[in-house]
Participant: 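Sharing a structure here in structure tokens format.
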2 protein chains.
Amino acid sequence: MQNMERKRADRIADDLEGLIFDGTFADGERLDEVQLASRFSVSRTPIREALQRLAQSGLVEQIPRRGVFVRQPGPVELIEMFEVMAELEAVCAKLAATRISDEALEDLQSTNKRCMATVEASDTDGYYRENQHFHAILYRQSGNRFLEQECLRLQRRLQPFRRIQLRVRGRLKQSMAEHEAIVEAIKEADGEKAATAIRQHVSVQGEKFHHLMASLTIAAE
Amino acid sequence: MQNMERKRADRIADDLEGLIFDGTFADGERLDEVQLASRFSVSRTPIREALQRLAQSGLVEQIPRRGVFVRQPGPVELIEMFEVMAELEAVCAKLAATRISDEALEDLQSTNKRCMATVEASDTDGYYRENQHFHAILYRQSGNRFLEQECLRLQRRLQPFRRIQLRVRGRLKQSMAEHEAIVEAIKEADGEKAATAIRQHVSVQGEKFHHLMASLTIAAE
DNA sequence: AAGTCTATTCTTGTATACAAAATGGCTTGA
DNA sequence: TCAAGCCATTTTGTATACAAGAATAGACTT
């Protein structure tokens with residue numbers, strides 16, 4: 001297992017990430033090192049470490065001798081990231097179709113069942129959790145740990161925007177139908193079919209595009 | 001244009017990256033902060049910044065309260081990374097097939113011509129440069145800047161291993177034929193064909209696999 | 001003699017002090 | 001009145017000092 005002990009800087013980075021995700025820090029806003037230092041009751045050193053981590057993951061932009069600024073992705077970049085996410089997941093599905101283990105396939109189906117239950121119960125948080133697990137299984141079953149890591153990284157980055165999407169009326173039901181198609185394709189070991197199904201599931205097109213844009217203007221106000 | 005002024009820590013990170021790539025620092029070796037500080041004639045602060053950057057890009061592993069250790073990818077991870085690279089480039093090619101501009105297509109063809117010339121002249125460095133440009137055009141012409149960045153990132157990481165591969169006898173000629181097939185498919189705007197061609201070009205299979213493994217054992221001695 | 005406990009030393013993580021560069025405001029001149 | 005240049009303040013980048021956890025070696029016990 002991974003080392004659980006983490007330094008303060010790491011926890012601060014996670015906290016800051018959360019604060020950026022939930023909109024506490026607006027787009028373009030400068031993150032003052034001394035202010036954050038007093039806020040977290042630490043010196044500038046761990047703050048700077050945390051900011052550098054965020055800069056590398058793309059959440060903030062670090063301009064030399066100027067400071068770091070929150071950098072929320074714009075509409076174009078978001079579409080681009082979702083496009084890449086869709087393609088990466090499609091690769092996972094393609095590979096998983098032939099590489100998946102029997103136990104994992106069981107897990108995939110039971111997760112999907114639990115997912116459906118949360119839809120019936122209108123349990124958005126529950127859906128969110130089970131859905132994430134559903135996708136995580138596919139990443140893992142691609143049999144490519146590096147690919148899995150890349151998927152998790154991008155998923156994490158898109159997390160807040162995906163969550164917004166879930167609020168769209170009827171989205172959950174449609175999403176479940178798509179899950180169903182993915183599971184079917186994988187059961188048939190049809191890689192291309194699975195890839196197409198999950199690409200459809202993840203990519204932002206049609207109505208989803210419209211809703212994503214709408215959510216952005218809301219978030220920007 | 002980008003800000004050209006960079007801090008010392010950034011240049012140190014690049015230097016260290018080079019030192020890891022060329023094997024000056026062996027796999028598993030601990031990078032001592034004070035040693036590096038005196039080597040670069042700076043304090044520990046910029047060294048630590050640089051090491052954290054390397055840790056995030058995966059070149060070194062940072063174990064809390066222990067230090068950072070060089071982490072060269074093993075055979076399995078290398079294969080995995082090449083698999084992802086092949087799929088990412090396949091996506092680029094698929095998208096570029098329909099999105100590419102006329103000028104870029106011209107550039108692609110002329111780059112390929114220059115590439116062939118370097119093969120004739122047995123100019124390995126020249127081939128390396130032109131080949132990289134060839135791929136960079138495809139990344140850009142995917143029309144997805146985020147995808148482009150991800151491709152460049154991974155390409156950079158695989159750079160040293162790809163370079164080794166070029167030394168294999170006859171590889172350059174075969175590689176040119178593959179380029180030719182890619183260009184043809186894109187000229188026909190056939191996304192799937194282009195994707196398949198470049199996937200074949202990048203992925204490590206058959207003889208290439210064998211040579212990659214051989215190069216690893218050489219590097220490890 | 002081997003193992004363990006402990007003290008010392010070394011290394012990382014954090015705080016603070018200092019240097020250099022950028023921003024902003026003021027003055028001065030046209 | 002406006003612009004340009006200079007000074008003060010603010011802020012980032014780097015160096016150093018300090019604290020805390022880990023490695024190591026030596027002594028003591030069984």
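Side chains are part of it too, since the values below use all heavy atoms of this structure and drop only hydrogens, waters and symmetry mates. If you're wondering where the values come from, they're calculated on a predicted model, not measured in any experiment. Below, chains carry the letters A, B, ... as their sequence lines are ordered, and counting in each starts from 1.
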Participant: What is the distance, to the nearest angstrom, from the CD atom on B/Q62 to the P atom on C/dT11?
Facilitator: 17 Å
Participant: What is the separation between atom CZ on A/R66 and atom P on C/dG24, rounded to the nearest whole Å?
Facilitator: 10 Å
Participant: Quick one: do A/R53 and A/D14 make a salt bridge, cutoff under 4.0 Å?
Facilitator: yes
Participant: If you look at every strand shown and take non-hydrogen atoms under 4.0 Å, does A/R48 touch a base, only sugar-phosphate, or nothing?
Facilitator: base
Participant: When you measure from the side chain of A/S142 to the backbone N and O of A/N144, does any donor-acceptor pair fall under 3.5 Å?
Facilitator: yes
Participant: Can you find a side-chain donor-acceptor pair between A/Y139 and A/E89 that sits under 3.5 Å?
Facilitator: yes
Participant: Checking side-chain polar atoms at under 3.5 Å, does B/Q52 have a donor or acceptor matched by the opposite partner on A/E49?
Facilitator: yes
Participant: Report which part of the nucleic acid B/V34 touches: base, sugar-phosphate, or nothing (heavy-atom distance under 4.0 Å, all strands).
Facilitator: nothing
Participant: For residues B/Y127 and B/S175, is any side-chain donor paired with an opposing acceptor at under 3.5 Å?
Facilitator: yes
Participant: Using only heavy-atom distances, decide whether a donor-acceptor pair under 3.5 angstrom links the side-chain of B/R44 to the base of C/dG13.
Facilitator: yes
Participant: Tell me whether the OP1 or OP2 atom of D/dA20 has a side-chain N or O from B/R65 closer than 4.0 Å.
Facilitator: no
Participant: To the nearest angstrom, how far is A/E33 atom CD from D/dT12 atom C1'?
Facilitator: 6 Å
Participant: What is the distance, rounded to the nearest whole Å, between atom CZ of B/R30 and atom C1' of C/dC10?
Facilitator: 9 Å
Participant: To the nearest Å, give me how far apart CG (A/D32) and C1' (C/dA22) are.
Facilitator: 14 Å
Participant: Once you round it to whole Å, what is the distance between P of D/dT11 and CG of A/L51?
Facilitator: 15 Å
Participant: Any side-chain N or O of A/T45 under 4.0 Å from OP1/OP2 of C/dT14?
Facilitator: no
Participant: Does A/R8 place a side-chain N or O at less than 4.0 Å from the phosphate oxygens OP1/OP2 of C/dG13?
Facilitator: no
Participant: Expressed as a whole number of angstroms, how long is the span from B/E49:CD to C/dT12:P?
Facilitator: 16 Å
Participant: Which of the following nucleotides, D/dA15, C/dA22, C/dA15, is nearest to the side chain of B/P46?
Facilitator: D/dA15
Participant: Please give, in whole Å, the distance from D/dT14 P to B/I12 CD1?
Facilitator: 8 Å
